[in-house]
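Every heavy atom of this structure was used, including side-chain atoms; hydrogens, water molecules and symmetry mates were not. All values derive from a computational prediction rather than experimental measurement.
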Amino acid sequence: KRFDAFLTAIVEDHKRSGEGKHVDMLTTLLSLTDDADGEGAKLTDTEIKALLLNMFTAGTDTSSSTVEWAIAE
């Protein structure tokens, strides 16, 4: 619940800051909340938060695995 609240705050802050101010992955994902491909495929805020969580988890997992192997060697 805490991480969901954290991601919600980031997404809402990004939405409030306006278009063009930030040029990053989250801005691109938020632009896909509108009719992205002309065929009705849209991303929801929940899907965006899930993608951000996956990216965060993948980044920390690889770093911790690298440190673990370095210590083992």
Q: Partners of T44 by side-chain contact (heavy atoms from CB on, under 4.5 Å), sequence neighbours excluded?
A: T46, E47
Q: Got a salt bridge between K1 and D4, using NZ or NE/NH1/NH2 to carboxylate O under 4.0 Å?
A: no
Q: Tell me the side chain to side chain donor-acceptor pair (under 3.5 Å) pairs involving residues 62-73, sequence neighbours left out?
A: none
Q: Considering only heavy atoms from C-beta outward, does the side chain of K42 approach that of T33 to under 4.5 Å?
A: no
Q: Are T27 and D24 linked by a side-chain donor-acceptor pair shorter than 3.5 Å?
A: yes
Q: For residues V11 and L52, determine if any side-chain heavy atom of one lies less than 4.5 Å from a side-chain heavy atom of the other.
A: yes
Q: Got L43 and L30 here, is their nearest side-chain heavy-atom distance under 4.5 Å?
A: no
Q: Suppose we screen for ring pair (Phe, Tyr, Trp, His ring centres under 6.0 Å). Which residues come up paired with F3, at least two apart in sequence or across chains?
A: F6, F56
Q: How far does CG of D13 sit from OG1 of T8, to the nearest 0.5 angstrom?
A: 12.0 Å
Q: Taking salt bridge (Lys or Arg N to Asp or Glu O under 4.0 Å) as the test, write out the residues that go with E12, two or more places apart.
A: K15
Q: Output all residues satisfying side-chain contact (heavy atoms from CB on, under 4.5 Å) with M55, sequence neighbours left out; order by chain, then residue number.
A: M25
Q: Share the residues that join I71 in a hydrophobic cluster, the rule being Ile, Leu, Val, Met, Phe, Trp or Tyr side chains under 4.5 Å apart at the heavy-atom level.
A: V67
